Amino acid sequence: MLRSCLAIATVTVTLIATGLPAAACGEEDKPASEKVRVAGAPGAVKNVKAVGNVPDAQGAIAMGFLQYGNRDVMAVSGEFGLKVYDLTKNPTAPKLIGEVSLPGLWETEDTEVDVKRKLVFLARDPRAFGGTTQTGESGIYIIDLKNPEKPAILSYTKVPAGHTTSCVDDCRYLWTGGPAKAANQPADWGGRPIWVTDIRDPRNPKTAPDPIELARNDGKTDYVHDVQVDDEGVAWVSGRGGVRGYWTSGYHRDPVQGKVRRATAFNPVPYAGGGIEETAAPSKFMHNSFHPAGHRSADGADSNRWHGRDLIYATEESFLDGCAGDGVLTISSLQNSYNGEGWRSTPEKPFRLKSVGTWSVAGQEGSDPTTGDCSAHYFDVRGKVLVQSFYTQGTRFLDVSDPTDPKQIAYFRPADASAWAPYWHKGYVYVADNTRGIDILKLTA
């Protein structure tokens, strides 16, 4: 069990209305309104220009972008529910045009949008609206954004999981996972796996009764945190026990069953992946990932030196006393994992992906040495530059062309930073900061 997300350090603290990690720390993480924040050092900025800020999005956790012809719209989720902004006339000064008010919503991490049907999917964690992991209600809100000025809840569906919900198979289905297990779930589970919801009719979602992605942690069913789908349709599932990829459509060889079969969202075909080496991620808790594929196969490592398809980038989210042992960015090789090795791993015969490189914010230029909050969180990759949120350590820009040696090239750390998720969008980086709202940054390096 990781330490409480509240036990940051034994230093002077001040109460604030919002802040601190989303954390996958399990049942101990709480909405920001119940958290304390460490008083830190003055801010630090290098090779980044702050070109805008949206303070009325305080409590922001995630965002997505939608196009309506030439119109550019940003949907921001957070503790307030959903806020919709128009970026068309001035992308550095977003204009609020609509909202769905759900004060007390938790957690909506990695909120996804259906760009074709103009839908937004909000995960309701059992801790939302004052609930608890043990007994709280979890589920999925589907928001209609066909008219961005008038967002509306199309449906709400109770689901046995609800920390994150992710589109698979072109947003025809949702995979919903986390957090720690409920009181009525199996005692030998370490956390909630994935439940699959059919959203082909978004007004009438249908969730399958039986979960998938079981036995992911050396044979133990454990906490699934999030899912990212690569450009070829492979769904990469992160959580305690590593990162594993699945085909969700088409016919593929199943390396576990040893035959070619049809993949579906309810019965996916294993592709590759497994546990991350403990020397790279001691907690074994992988938060989110990125796999270069398709038109994004050149993103990340230098393709002249590295075969990007064989790399998986992942965040370890972990909070320990001090900064040195907190979660890091990991880069691992998928080689030797394409024959189902990650599905046969046991405590007696564990399988681990070979670590290629890691990067930690602790002790780096621009870091606050007084804070105990240094865990890695969400990231986004464009070209050879990876941008990543590190909570109170702000937003970091890394050159990852050599995955064995990621190098920081820029940083943006306001004194009151609580950065959760950065997004590349049309030359800018939009950062969901739980304290500051939305910061809009321009890389100048």
Side-chain angles (χ1 to χ4, degrees), residues 62-68 73 75-77 80-84 98-129 131 135-179 182 184-185 192-214 224 226-229 233 235 237 246-250 262-268:
M63 68 187 81
F65 299 90
L66 295 160
Q67 297 295 132
Y68 300 77
V73 170
V76 180
S77 67
F80 43 75
L82 185 74
K83 294 189 175 185
V84 185
E99 60 185 303
V100 174
S101 182
L102 292 167
L105 181 62
W106 193 251
E107 176 163 7
T108 79
E109 276 197 312
D110 194 27
T111 289
E112 296 195 11
V113 297
D114 183 335
V115 297
K116 296 177 182 177
R117 294 187 291 175
K118 301 298 187 286
L119 301 174
V120 181
F121 310 103
L122 302 181
R124 172 177 170 169
D125 187 285
R127 290 159 289 192
F129 311 117
T135 61
E137 180 180 312
S138 54
I140 304 164
Y141 294 94
I142 299 181
I143 312 296
D144 183 0
L145 269 186
K146 288 186 178 65
N147 182 346
E149 279 85 4
K150 296 181 179 180
I153 298 175
L154 273 186
S155 60
Y156 170 71
T157 305
K158 292 183 182 180
V159 181
H163 191 69
T164 63
T165 193
S166 305
C167 282
V168 301
D169 198 7
D170 201 25
C171 272
R172 298 195 300 163
Y173 305 92
L174 293 174
W175 280 10
T176 306
N184 62 355
Q185 291 174 335
R192 306 184 201 207
I194 286 175
W195 272 265
V196 184
T197 302
D198 183 337
I199 55 168
R200 288 175 292 181
D201 178 358
R203 293 183 181 275
N204 297 287
K206 297 178 181 178
T207 301
D210 298 323
I212 63 171
E213 183 55 346
L214 307 176
V224 168
D226 205 356
V227 179
Q228 279 76 36
V229 178
V237 184
Y246 292 90
W247 297 105
T248 61
S249 64
R262 178 171 175 253
T264 70
F266 300 95
N267 187 19

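These numbers come from the heavy atoms of this one structure, side chains and all, not from hydrogens, waters or symmetry mates. Everything quoted here is computed from the prediction, not taken from an experiment.
The line from CG of Asn267 to OH of Tyr246 is 10.5 Å long, rounded to the nearest 0.5 Å. With values rounded to the nearest 0.5 angstrom, Glu112 atom CD is found 8.5 Å from Thr164 atom OG1.
Relative to the ring axis of Phe80, Lys83 places its NZ or CZ within 45° and under 6.0 Å from the centre.
In this structure, Arg117 does not pair ionically with Asp144, as no charged nitrogen and carboxylate oxygen lie closer than 4.0 Å. The pair Asp201-Arg203 does not meet the salt-bridge criterion, since no charged nitrogen lies less than 4.0 angstrom from a carboxylate oxygen.
Contact check for Tyr156 versus Ile142: no side-chain heavy atoms found under the 4.5 Å cut-off. Inter-residue side-chain proximity for Asp110 and Gln228 is flagged as met; some heavy-atom pair is nearer than 4.5 Å. In this structure the side chain of Asp125 reaches within 4.5 angstrom of the side chain of Pro179, judged on heavy atoms. Annotation: side chain of Val84 is in contact with side chain of Val73 (closest heavy-atom distance under 4.5 Å). At a threshold of 4.5 Å between non-hydrogen side-chain atoms, the residues Glu99 and Leu82 do not count as touching. Annotation: side chain of Phe129 is not in contact with side chain of Glu137 (no heavy-atom distance under 4.5 Å). Residues Ile140 and Leu122 fail the side-chain proximity criterion, which asks for heavy atoms closer than 4.5 Å. Here the side chains of Leu105 and Tyr141 are in contact, with some heavy-atom distance below 4.5 Å.
Across all their heavy atoms, Phe121 and Val113 have their closest contact at CE1-C, 4.3 Å. Residue Ser138 comes nearest to Pro126 through the heavy atom pair CB-CD, 3.9 Å, listed as atom of the first residue, atom of the second, then distance. Contact between Pro268 and Thr248 at its shortest, heavy atoms only, is CB-CG2, 4.5 Å. Ser155 and Pro202 make their closest contact through OG-O, 2.7 Å (heavy atoms, listed as atom of the first residue, atom of the second, distance). Shortest non-hydrogen contact noted between Thr111 and Ala62 is N-CB, 3.4 Å.
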Candidate pair Leu174 and Cys167, rule side-chain contact (heavy atoms from CB on, under 4.5 Å), full reasoning: CA-CA 5 Å; Leu174 293 174; Cys167 282; 4.1 Å; yes
Derivation of the side-chain contact (heavy atoms from CB on, under 4.5 Å) call for Ile143 and Leu154: CA-CA 6 Å; Ile143 312 296; Leu154 273 186; over 6 Å; no
side-chain contact (heavy atoms from CB on, under 4.5 Å) assessment of Leu145 paired with Tyr68: CA-CA 10 Å; Leu145 269 186; Tyr68 300 77; 3.6 Å; yes
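A distance-only check finds no donor-acceptor pair linking the side chain of Lys116 to the backbone of Cys171 [under 3.5 Å]. With hydrogens and angles disregarded, a donor-acceptor distance shorter than 3.5 Å links the side chain of Trp175 to the backbone of Ala265.
The local environment of NZ in Lys146 is crowded, with over 12 non-hydrogen atoms from other residues, nucleotides or ligands closer than 6.0 Å. For Arg262, the CZ atom sits in a loose shell: 12 or fewer heavy atoms of surrounding residues, nucleotides or ligands are nearer than 6.0 Å.
Checked options Glu213, His163, Gln185; the residue passing with Arg192 is Gln185 (criterion: side chain to side chain contact (heavy atoms under 4.5 Å, CB included)). Among Thr197, Asp226, Thr176, the one residue that satisfies the side-chain hydrogen bond (donor to acceptor under 3.5 Å, both in side chains) test with Thr165 is Thr176.
Ring geometry for Phe266 versus Tyr173: interplanar angle over 60°, hence perpendicular rather than tilted (30 to 60°).
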